[in-house]
A.B. asks: 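Once you've had a glance at the structure underneath, I'll fire off some questions.
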Amino acid sequence: MILNKFQFHKPENFEEAVRLISTLDSYKLLAGGTVLINRLKALKKKKLFCFDHVVSLNAITELGNICIDGDLLKIGATVTLKDIIDSDKIPIGMNALKQAADAIGTTPIRNMATIGGNIASRIVWTEMSCACVALGAQLIFVSVDGELKISAEEYFKNNAKSVGILKEIVFQIKNDQKSIYKRISKLSPVDVPLLSVCICLSKDGSVVNDIRVVINNQLKFSQRDNKIESFLMGKALTSELIEESIKSVDTSICDASMNEYKSHMFRVLVKQILGELSSAK
Amino acid sequence: MIMIKLNINNKVYDLEIEGNETLLELLRDNLGLTGTKESCNEGECGACAIIIDGKSALSCCLLAADLEGREIETIENLSDGDNLHPIQESFLEMGAVQCGFCMPGMIMATKALLHENPKPSFDEIKKGLDGNLCRCAGYSKIFEAVEDAARKLSR
């Protein structure tokens with residue numbers, strides 16, 4: 001067999017899953033499997049330690065739902081990327097979520113991979129992390145100790161350490177919000193992103209009254225560029241301002257350890273996205 | 001060992017399998033359905049592509065034990081005796097087949113694509129088959145075959 005031996009579990013409901021993992025010393029959670037199964041193959045190939053248990057979340061139907069609850073968009077952790085792309089429940093102002101999902105992998109990968117897996121896999125360059133931080137997502141984890149709500153921004157600042165099982169991702173719906181996600185990769189479509197940028201903003205007329213600029217430079221988890229955000233806040237988003245704003249990027253994020261190409265392309269992506277957001281109706 | 005019922009090609013199999021068995025291993029080694037190919041084994045080449053619940057998926061990245069209740073379709077399900085499926089006919093007629101190794105995955109990806117989008121544009125065809133690599137680099141003929149199959153199936 002291509003995988004090491006492990007015990008496979010498939011709890012039927014969320015409470016059973018939470019109880020089960022509290023009794024296990026070494027386990028991995030399985031959703032889409034596009035990351036986990038390949039990781040397990042690599043562990044066997046390298047003759048490294050493998051986990052004793054794999055716990056599938058795929059029988060837990062409540063994790064596979066997208067719903068609107070008042071002014072909240074709730075996406076279950078095992079919702080596939082394809083479901084996100086096709087969903088008519090995701091407001092147009094959160095288009096970055098669909099753009100990020102559509103940028104991941106290939107068609108069969110998107111049919112299998114889940115938003116929860118992309119967030120909780122602890123892979124630094126994941127696309128959904130960028131979109132979730134930009135859209136101000138709250139991540140809901142559940143363990144035997146109860147429910148923990150943490151912002152995506154804090155979660156990734158803390159190196160994406162999960163507490164229990166990621167149950168759902170919650171977004172505040174803001175009617176005047178717009179968002180765009182873009183990425184650069186060596187090859188399209190299958191390659192990992194060299195660089196991702198996601199910007200979410202709200203305007204009052206042409207004046208920016210809320211903005212999040214999120215970068216993933218492939219070297220660290222997605223993080224906000226507070227410098228460019230501060231520069232743009234409260235100002236009218238004109239083409240002249242956008243040109244000026246590029247000089248205000250946080251060079252500790254976009255230039256540190258990045259090569260010349262990535263540094264340049266970061267500024268190009270920010271300029272492109274801001275340009276599109278300024279003209280979007 | 002795990003006792004499981006799997007629906008493969010509209011037939012329900014009662015199986016006793018290991019928890020760590022991938023669907024690809026089950027199909028090829030356990031059930032003798034060797035039409036689905038093993039190539040990269042990392043989910044990047046698409047040679048192992050099958051259809052699950054109408055959508056293309058990669059059997060090398062799926063645990064068989066996790067698939068109870070799902071409808072699994074492999075390349076073996078397409079032809080009916082000597083009668084080929086229109087997609088298979090198109091691939092042959094348009095000269096899309098060279099060494100043939102990528103073909104089961106390509107054809108299953110095509111079937112899933114045309115199920116969702118019966119009249120795909122050329123760009124939609126390229127995107128729908130973006131998970132399938134052909135080392136013979138026969139892509140142009142493959143895309144023409146998909147267009148031909150779409151025309152056949154829409155009649």
Side-chain angles (χ1 to χ4, degrees), chain A residues 1-12 27-45 50-61 64 78 80-83 85-86 102-113 117 187-192, chain B residues 1-4 17-26 28-30 38 40-70 105-106 108-110 112-113 116-117 120 123-133:
Chain A
M1 301 263 180
I2 202 160
L3 300 175
N4 278 322
K5 247 189 147 102
F6 51 74
Q7 217 172 326
F8 176 80
H9 308 266
K10 194 165 183 177
E12 309 244 309
Y27 69 92
K28 277 293 180 187
L29 296 171
L30 172 67
T34 54
V35 169
L36 175 66
I37 303 299
N38 286 331
R39 267 192 186 156
L40 294 177
K41 287 174 195 170
L43 287 172
K44 180 164 184 186
K45 223 187 247 183
C50 186
F51 300 89
D52 295 326
H53 302 270
V54 168
V55 179
S56 167
L57 302 176
N58 292 315
I60 305 171
T61 48
T78 63
T80 65
L81 303 179
K82 173 69 172 158
D83 287 339
I85 293 161
D86 290 348
D102 201 32
I104 295 170
T106 59
T107 297
I109 296 275
R110 290 187 290 275
N111 289 338
M112 299 159 66
L187 300 167
S188 177
V190 300
D191 212 351
V192 301
Chain B
M1 298 294 272
I2 299 170
M3 299 299 301
I4 194 167
I17 61 171
E18 297 278 1
N20 62 337
E21 193 166 357
T22 65
L23 178 62
L24 180 62
E25 288 172 326
L26 176 86
R28 292 185 57 83
D29 304 337
N30 199 329
E38 177 181 347
C40 77
N41 237 318
E42 290 181 351
E44 294 197 3
C45 73
C48 70
I50 40 80
I51 292 176
I52 294 187
D53 297 335
K55 294 178 185 162
S56 62
L58 302 166
S59 57
C60 73
C61 292
L62 290 162
L63 291 181
D66 202 26
L67 297 170
E68 196 158 36
R70 312 285 296 275
M106 282 286 183
M108 295 312 285
T110 299
L113 167 67
E116 181 181 354
N117 183 356
D123 283 343
E124 286 167 336
I125 291 172
K126 283 171 68 177
K127 184 160 185 176
L129 266 57
D130 63 1
N132 296 84
L133 301 179

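We name chains A, B, ... by the order of the sequence lines, and we start the count at 1 in each one.
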A.B. asks: Measure across A:G32 and B:L62 and return the closest heavy-atom pair with its distance rounded to 0.1 Å.
C.D. replies: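 Minimum heavy-atom contact is O-CD2, 4.5 Å.
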A.B. asks: Would you list the atom pairs, donor with acceptor, under 3.5 Å between side chains in residues 1-9 of chain A and any protein atom, with sequence neighbours excluded?
C.D. replies:
| unit_1 | atom_1 | unit_2 | atom_2 | d |
| --- | --- | --- | --- | --- |
| A:K5 | NZ | B:E18 | OE1 | 3.4 |
| A:K5 | NZ | B:E18 | OE2 | 3.3 |
| A:H9 | NE2 | A:H53 | ND1 | 2.8 |

A.B. asks: Side chain, backbone, both or neither: which part of B:A57 has a non-hydrogen atom closer than 4.5 Å to chain A?
C.D. replies: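 For B:A57, backbone and side chain are both near chain A.
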A.B. asks: Please assess B:D130 against A:R110 for the test side chain to side chain contact (heavy atoms under 4.5 Å, CB included), listing each intermediate value before the final yes or no.
C.D. replies: CA-CA 11 Å; B:D130 63 1; A:R110 290 187 290 275; 3.2 Å; yes
A.B. asks: Sort out for me which of B:N132, B:D29, B:L63 touches chain A most, counting heavy-atom pairs under 4.5 Å.
C.D. replies: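 Greatest number of close heavy-atom pairs with chain A: B:L63.
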A.B. asks: Is it the backbone or the side chain of A:D102 that comes under 4.5 Å from a heavy atom of chain B, or both, or neither?
C.D. replies: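 It is both, since atoms from each part get that close.
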A.B. asks: Should we say atom NZ of B:K126 is surrounded by more than 12 heavy atoms from elsewhere, each under 6.0 Å from it?
C.D. replies: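 Atom NZ in B:K126 is not packed in, count stays at 12 or less.
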A.B. asks: Using non-hydrogen atoms and a 4.5 Å limit, figure out which bit of A:V54 sits close to chain B: side chain, backbone, both or neither.
C.D. replies: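 For A:V54, the side chain is the part near chain B, not the backbone.
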A.B. asks: Does any backbone or side-chain atom of A:L40 lie under 4.5 Å from a heavy atom of chain B? Answer side chain, backbone, both or neither.
C.D. replies: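 Neither the backbone nor the side chain of A:L40 comes within 4.5 Å of chain B.
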A.B. asks: Would you check if the side chain of B:K55 reaches a backbone N or O of A:K82 as a donor-acceptor pair within less than 3.5 Å?
C.D. replies: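 Such a contact is absent between B:K55 side chain and A:K82 backbone.
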A.B. asks: B:E116 vs A:T107, test: side chain to side chain contact (heavy atoms under 4.5 Å, CB included). Steps then yes/no.
C.D. replies: CA-CA 12 Å; B:E116 181 181 354; A:T107 297; over 6 Å; no
A.B. asks: Could you give the distance from NZ (A:K44) to CG (B:N20), rounded to the nearest 0.5 Å?
C.D. replies: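 Here the rounded value is 7.5 Å.
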A.B. asks: What heavy-atom pair brings B:C61 and A:M112 nearest, and what distance separates the two atoms?
C.D. replies: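 Reported closest heavy-atom pair: CB-CE, 3.8 Å.
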A.B. asks: B:L58 versus chain A, heavy atoms under 4.5 Å apart: side chain, backbone, both or neither?
C.D. replies: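 Backbone plus side chain of B:L58, per the 4.5 Å heavy-atom cut-off to chain A.
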A.B. asks: Tell me which of these, A:L30, A:I109, A:I37, has more heavy-atom pairs under 4.5 Å with chain B than the rest.
C.D. replies: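 Counting heavy-atom pairs under 4.5 Å, the top option is A:I37.
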A.B. asks: Which bit of B:N41 comes within less than 4.5 Å of chain A, counting heavy atoms only: side chain, backbone, both or neither?
C.D. replies: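 Both parts, backbone and side chain.
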A.B. asks: What part of A:K45 is in contact with chain B, defined as an atom under 4.5 angstrom from a non-hydrogen atom: side chain, backbone, both or neither?
C.D. replies: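 Contact with chain B: side chain only.
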A.B. asks: So for B:E21, is it side chain, backbone, both, or neither that comes closer than 4.5 Å to the heavy atoms of chain A?
C.D. replies: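 Both parts, heavy atoms under 4.5 Å.
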